[in-house]
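Okay, so here's the structure we're looking at.
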Amino acid sequence: MLDNFIDNLLKQMTLDEKIGQLQQVTGDFFGSSGGAITGPIDDQAKKYIKDNVYNIGSVLGISGKKEIIDIQKNFLQHSRLKIPLLFMADIIHGYKTIFPIPLGLAASWDPKLIKDVAQASADEAAAEGISVTFSPMADLVRDPRWGRVMESTGEDPFLNSIYAKAFVEGYQGKDRIDNNHLAATVKHFAGYGAVEAGREYNTVDMSEWRFRSEYLPSYKAAVEAKAQLVMTSFNTLFGIPVTGNRYILQDILRKELSFDGVIISDWNSIGELIDHGVAENMGQAASLALKAGVDIDMMSFSYISQLENLIDSKKINIDLIDHAVYRILSLKKKLGLFDDPFRGLETKKVNSHVFTDEKLALAQKAAEESIVLLKNDDKTLPLNIDDSVALVGDIGDSHDLLGSWSFKGDKLSVKTIKESLYSKFKKIVFAKGYKTASDFSSKMAEEAVAIAKKQKYIIFVAGLESEQSGEASSLTDIKIADNQIRLLKKLAELGKPIITLLVTGRPLDLTEIQKYSNAILLAWFPGTKGADALAKIITGETNPSGKITMTFPRNVGQTPIYYNHFNTGRPLLDKNADEKYLSKYLDSPNDPLYPFGFGLSYSNFKIGQLTVDSKEIKENSSILASIIVHNPSKLDGDATVQWYIRDLSAEVVRPVKELKFFEKKLVKAGSSSKFIFRIDLSDLSYVHSNKKMYPDKGKFILAAGFSSSDDDLSCVEFIYK
Ligand code: NOJ
């Protein structure tokens with residue numbers, strides 16, 4: 001191997017010491033009590049570690065400057081070779097300062113923002129002793145029944161790739177991962193977002209062609225951005241659970257993508273090879289995973305309990321262990337742990353990194369950019385601060401705005417929507433109206449109606465609690481709770497304008513909400529500064545610009561639903577066609593309630609006609625396309641133009657449209673701005689049946705506009721000759 005320092009270290013290591021490096025444990029093995037437990041723990045775990053605790057390589061789920069320094073010091077005193085522990089954690093959308101959930105951040109269509117958020121999260125977490133984050137989650141998602149869509153950036157391979165790169169660059173920084181940055185882990189490799197029926201940990205099965213075309217690109221982008229770790233997913237893919245799948249981990253990840261960093265299992269995913277039915281016992285499971293290329297065992301204890309036997313019985317070769325240890329030690333070296341096992345912690349002032357004004361300002365900016373205006377009939381929004389307002393809904397008075405995966409976020413210090421709106425509006429009253437997770441209460445509803453009757457506007461807060469999305473939070477239905485909808489209907493009887501604010505971690509069926517609301521603001525779980533961000537949008541101090549990156553269906557029956565689907569042989573081209581034998585439903589339209597890319601602005605932008613400088617593209621040439629956006633309003637606003645391409649005839653079927661480029665920029669009140677896209681052949685390339693990427697000659701459609709819906713797009717046909 002190439003690094004003398006690591007080679008020398010490796011030579012001095014006993015087999016126990018090597019195996020220890022491959023084992024990851026929770027903080028309680030080192031006496032910590034406040035760690036994040038994110039999976040089941042085997043009762044035997046402590047026994048497996050036995051006398052090996054000072055050989056362990058890494059710890060997950062704990063943080064805190066003092067605790068990490070104490071654990072590391074004690075560890076180094078006892079460890080024979082003084083190889084520092086590596087501390088990892090799920091820093092998913094912030095550490096202490098919590099940013100909007102990733103699906104919300106994605107709605108910003110602002111990769112620079114995502115990079116800044118990742119960098120700020122890294123800076124905070126590093127100041128509290130973390131060196132590796134289990135982020136970004138680059139899983140493509142299409143099914144809102146799956147609770148983990150909140151951790152994803154959505155349904156588009158191109159957009160997900162850009163975001164995956166931005167996350168990695170933000171976490172890791174430039175060139176060298178310094179003490180204010182973290183090593184990034186791209187997860188969950190691979191295809192975890194496609195669990196059948198949206199049921200957590202369920203089977204994934206798809207053709208390799210589809211995997212390569214749609215699911216692989218975002219992981220690839222993270223690897224190309226030099227993510228230092230890859231986490232294997234729980235699911236099966238191509239018939240074999242990924243954690244034991246040599247084709248996926250060796251042939252695709254290591255060889256094709258040239259990934260030479262650390263592969264870590266997900267929590268007990270090595271042990272679960274037995275439940276999947278591809279290993280009979282822990283020994284076989286450990287052997288399958290190690291041979292497939294998994295370097296670190298997170299919490300199955302199969303490596304620490306089995307590898308010695310497997311070596312003794314010659315079932316595995318020591319080279320496999322040496323290579324894995326080499327990669328882990330290289331990561332520790334890259335992170336500077338051999339020079340300073342505390343990575344600057346001892347002299348760092350936590351206060352100047354964590355929860356600083358600068359980070360809070362970024363959290364507010366991120367929340368403002370994430371919030372999506374889904375409906376705004378008759379310019380209901382923005383409201384005037386002198387307007388009288390009834391704020392209704394339990395969630396409006398709740399601190400639960402951080403969302404899942406925010407272990408260190410301090411919920412109670414988070415401003416509620418009520419607190420933020422009370423500081424803006426002069427005449428505002430509040431009524432709970434319903435209680436989350438309870439049945440409809442006529443008494444509460446009547447109280448709310450009585451209060452609302454006397455005000456000009458009603459702001460109704462609806463949605464979910466944070467525990468209703470995230471890991472292990474699948475739902476069979478994505479409807480808003482019945483008590484909320486019944487109350488909304490009662491409020492609607494008053495005939496006053498209703499603005500609904502939605503707090504959610506996933507797309508929901510908003511059919512009823514849409515029917516009874518004049519305006520809808522999608523807040524997601526907006527994070528530490530979310531309520532202030534919402535208040536600024538409601539009052540028009542901020543012009544909303546977010547656009548959803550996951551389709552919102554009309555009903556759960558439409559799922560999975562996504563804009564970049566294939567055409568089928570019997571497409572429904574005319575929504576009102578009476579023809580029976582078409583690809584459609586008898587009881588629902590095909591199109592979603594809100595399409596991918598959709599989101600309104602107070603500026604009511606107008607878009608012109610798409611123009612191109614040529615309708616032909618050849619080898620080594622390009623087409624310059626442009627479109628004018630006009631802002632007729634009195635408010636400056638950010639417009640996002642999305643560029644889609646459709647390949648009309650190809651070797652394999654192609655999506656009805658695919659996002660190829662986008663640009664978000666400020667268009668000043670009363671002025672116009674030109675948006676440009678230069679198309680070259682790489683934009684026409686796709687994965688053929690031979691797995692290779694290249695373009696095919698023939699006709700294409702180029703479309704540009706404010707969402708993926710045909711109604712919002714201007715199109716032109718061109719040809720590759
Ligand atoms: C299980 C989750 O699937 C994964 O995303 C997470 O990083 C690990 N637990 C560690 O908490």
Side-chain angles (χ1 to χ4, degrees), residues 23-29 32 34-42 45 57-63 86-95 101-103 118 121 125 130-141 146-153 164 167-168 171 182-195 198-202 204 218-219 222 227-237 241-243 262-273 275-276 289 294-301 403-409 467 469-474 505:
Q23 182 62 53
Q24 175 161 101
V25 300
T26 47
D28 46 330
F29 286 81
S32 168
I37 305 295
T38 57
I41 302 188
D42 184 340
S58 56
V59 180
L60 85 156
I62 48 164
S63 60
L86 181 51
F87 294 93
M88 312 194 184
D90 290 285
I91 313 300
I92 308 295
H93 52 117
Y95 175 78
I101 55 168
L103 192 59
S121 311
I130 300 300
S131 295
V132 173
T133 175
F134 297 134
S135 173
M137 174 168 129
D139 302 323
L140 182 120
V141 293
W146 192 45
R148 303 197 76 171
V149 301
M150 60 143 301
E151 296 165 62
S152 162
T153 49
F167 270 116
V168 173
Y171 288 134
L182 305 174
T185 308
V186 59
K187 67 187 189 185
H188 304 83
F189 194 72
Y192 184 30
V195 283
R199 200 181 77 219
E200 185 63 298
Y201 314 127
N202 205 3
V204 171
S218 46
Y219 306 115
Q228 294 295 315
L229 299 94
V230 169
M231 186 186 291
T232 65
S233 53
F234 290 119
N235 58 278
T236 293
L237 186 59
V242 177
T243 303
V262 171
I263 302 182
I264 182 168
S265 79
D266 201 341
W267 185 295
N268 190 37
S269 67
I270 302 181
E272 289 169 18
L273 295 174
D275 305 272
H276 277 290
V294 178
D295 300 319
I296 298 183
D297 167 14
M298 183 198 293
M299 294 301 286
S300 87
F301 302 93
S404 190
W405 297 107
S406 51
F407 303 107
K408 291 286 167 177
E467 291 312 308
S469 42
E471 188 178 351
S473 306
S474 295

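Both ligands and their constituent atoms are indexed starting at 1 by order of listing. Please read these numbers as outputs of a predicted model, since none were measured by experiment.
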Any N or O of Thr38 closer than 3.5 Å to N or O of ligand 1 | yes
Ligand 1 versus Glu471, non-hydrogen atoms closer than 4.0 Å: side chain, backbone, both, neither?
-> side chain
Taking distance alone, with no angle check, do Arg148 and ligand 1 share an N/O pair under 3.5 Å?
-> yes
Top protein contact for atom 3 (O) of ligand 1, by heavy-atom distance = Asp266 OD2, 2.5 Å
Look at the side chain of Ser473 and the backbone N and O of Glu471, then say whether any donor-acceptor pair between them is shorter than 3.5 Å.
-> yes
Check if Tyr192 has a non-hydrogen atom at a distance under 4.0 Å from any atom of ligand 1.
-> no
Distance to 0.1 Å, residue and atom name: give those for the protein heavy atom nearest to atom 7 (O) of ligand 1.
-> Asp90 OD1, 2.6 Å
In terms of the angle between their ring planes, are Phe301 and Phe29 parallel, tilted or perpendicular, with boundaries placed at 30° and 60°?
-> tilted
For the pair Gln23 (side chain) and Gly57 (backbone), establish whether a donor and an acceptor sit closer than 3.5 Å, ignoring hydrogens and angles.
-> no
Fit a plane to each ring of Tyr219 and Phe189, take the angle between them on a 0 to 90° scale, and name the class: parallel (under 30°), tilted (30 to 60°) or perpendicular (over 60°).
-> perpendicular
In the protein, what heavy atom is nearest to atom 5 (O) of ligand 1, and what distance, to one decimal place, separates them?
-> His188 NE2, 2.6 Å
Checking heavy atoms under 4.0 Å, the part of Met88 that sits near ligand 1 is neither
Sidechain-backbone polar pair: Asp139 side chain, His188 backbone, donor-acceptor under 3.5 Å | yes
Which atoms of ligand 1 have any heavy atom of Phe234 under 4.0 Å away?
-> 3 (O)
Going by heavy atoms, is Met231 under 4.0 Å from ligand 1?
-> yes
Logged contact type for Leu60 with ligand 1, heavy-atom cut-off 4.0 Å, is side chain
Let me see the working for Trp146 and Tyr192 under ring-ring contact (aromatic ring centres under 6.0 Å, His included), right down to the final yes or no.
-> CA-CA 10 Å; Trp146 192 45; Tyr192 184 30; 4.8 Å; yes
Using distance alone, decide if ligand 1 has a nitrogen or oxygen within less than 3.5 Å of any nitrogen or oxygen in Lys187.
-> yes
For the pair Ser218 (side chain) and Ala138 (backbone), establish whether a donor and an acceptor sit closer than 3.5 Å, ignoring hydrogens and angles.
-> yes
Could you point out which residue of Ser269, Ser265, Ser233, Ser300 forms a side chain to side chain donor-acceptor pair (under 3.5 Å) with Thr243?
-> Ser269
